[in-house]
There are 2 protein chains.
Amino acid sequence: MTDLLAAFSALSDPTRFSIVEQLMDEGELPAGDLIRGKGMSGAAISRHLKVLREAGLVRHRAKGTMRLYSVQPEGLRAIADWTISRRRFWETSLDRLGEALERENTWPT
Amino acid sequence: MTDLLAAFSALSDPTRFSIVEQLMDEGELPAGDLIRGKGMSGAAISRHLKVLREAGLVRHRAKGTMRLYSVQPEGLRAIADWTISRRRFWETSLDRLGEALERENTWPT
DNA sequence: CCGATATTTAACACATGCGTTAAACAAAGG
DNA sequence: CCTTTGTTTAACGCATGTGTTAAATATCGG
């Protein structure tokens with residue numbers, strides 16, 4: 001399976017998507033923090049994290065007995081590159097990419 | 001399920017992804033054309049097309065007994081919007097969105 | 001070394017996904 | 001009408017995905 005399809009597959013699950021969003025919003029977090037609030041056993045979350053790791057969307061490093069998870073940009077790049085390469089299909093005359101960017105805060109220079 | 005997750009889910013299947021790519025490359029096509037070359041029964045492709053329709057990624061119109069399929073921009077927009085909103089995670093200092101765009105051919109004005 | 005804490009792996013049950021073939025439908029044309 | 005062509009739906013079987021609980025691992029601090 002390509003990187004891109006693996007990324008789509010991994011993100012298509014609501015639990016995994018919310019994990020990625022949480023890591024984007026809160027930065028590096030221990031697995032335990034990702035378990036709390038998801039209404040699911042630690043074992044289930046641990047397996048979701050494995051899927052995200054194998055899709056290249058997150059990475060983790062050991063700190064003592066904890067595993068600190070964070071977003072891995074490479075996996076997202078596969079999606080971003082595809083999206084950009086096909087932008088002609090989602091852009092409209094009144095909604096160019098440049099304007100889409102302006103709806104967001106400007107990136108740091 | 002949100003539009004975004006439905007789109008990810010629909011595109012995570014290799015057959016469905018290839019259908020969307022083919023429609024992007026070749027434009028509107030009858031279901032029969034999408035069946036040929038996929039090495040799979042028409043019934044299977046028809047069900048894949050239904051999944052893509054329900055995810056808002058393709059649409060179809062009747063022409064005689066044929067169904068002409070094409071890409072539906074709205075579904076792709078969900079992905080594009082999310083990707084752009086999170087671009088900070090896949091951009092790098094040497095690879096800004098603007099430069100990524102320049103790697104592609106310029107969009108029509 | 002022992003027990004407590006953090007996380008992953010194993011084994012299992014159940015739901016969903018995807019392909020098949022056969023049947024159903026719909027439009028077109030003789 | 002009746003048949004042919006194009007496409008979808010139904011019924012089924014098998015593989016994969018996702019959650020559970022229990023057990024395994026690993027690190028830390030006496």
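Letters A, B, ... mirror the listed sequences (proteins, then strands); counts begin at 1. Here the structure is a predicted model, which means the values were calculated and not measured.
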| field | DNA chain D: 5'-proximal contact among D13(A) and K63(A) (nearest heavy atom) | value | D13(A)
| Taking NZ, NE, NH1 and NH2 as the nitrogens, is one of them in E28(A) or R61(A) under 4.0 Å from a carboxylate oxygen of the other? | yes
| query | Over how many whole Å does the gap from K38(B) atom NZ to dT7(D) atom C1' extend? | reply | 16 Å
| field | Length of the CG-C1' vector between L52(B) and dG17(C), whole Å | value | 14 Å
| query | How many Å lie between CD on E54(A) and C1' on dT9(C), as a whole number? | reply | 13 Å
| Do NZ/NE/NH1/NH2 and the carboxylate oxygens of R86(A) and D25(B) come within less than 4.0 Å? | yes
| task | On the 0 to 90° scale, with breaks at 30° and 60°, tag the W82(B)-F8(B) ring pair as parallel, tilted or perpendicular. | result | perpendicular
| message | If the test is side-chain contact (heavy atoms from CB on, under 4.5 Å), which one of I19(A), V58(A), V20(A), L52(A) qualifies with Y69(A)? | response | V58(A)
| request: Could you encode protein contacts along nucleotides 3-8 of chain C as a string, one character per nucleotide from 5' to 3', using B for base contact, S for sugar-phosphate-only contact and - for no contact, with a heavy-atom cut-off of under 4.0 Å? | output: ---BSB
| Between D33(A) and K38(A), is there a salt bridge with N-O shorter than 4.0 Å? | no
| message | I want to check one thing: is the phosphate of dG19(D), taken as OP1 and OP2, less than 4.0 Å away from some side-chain N or O of H48(A)? | response | yes
| query | Which whole-number value in Å describes the distance from F8(B) CZ to dG17(C) P? | reply | 18 Å
| Counting side-chain heavy atoms from C-beta on, which of dT20(D), dG19(C), dT9(D) comes nearest to A44(A)? | dT20(D)
| task | Check whether the side chains of H60(A) and R67(A) place a donor and an acceptor atom closer than 3.5 Å, and report yes or no. | result | no
| message | Any side-chain N or O of S41(A) below 4.0 angstrom from OP1/OP2 of dT20(D)? | response | yes
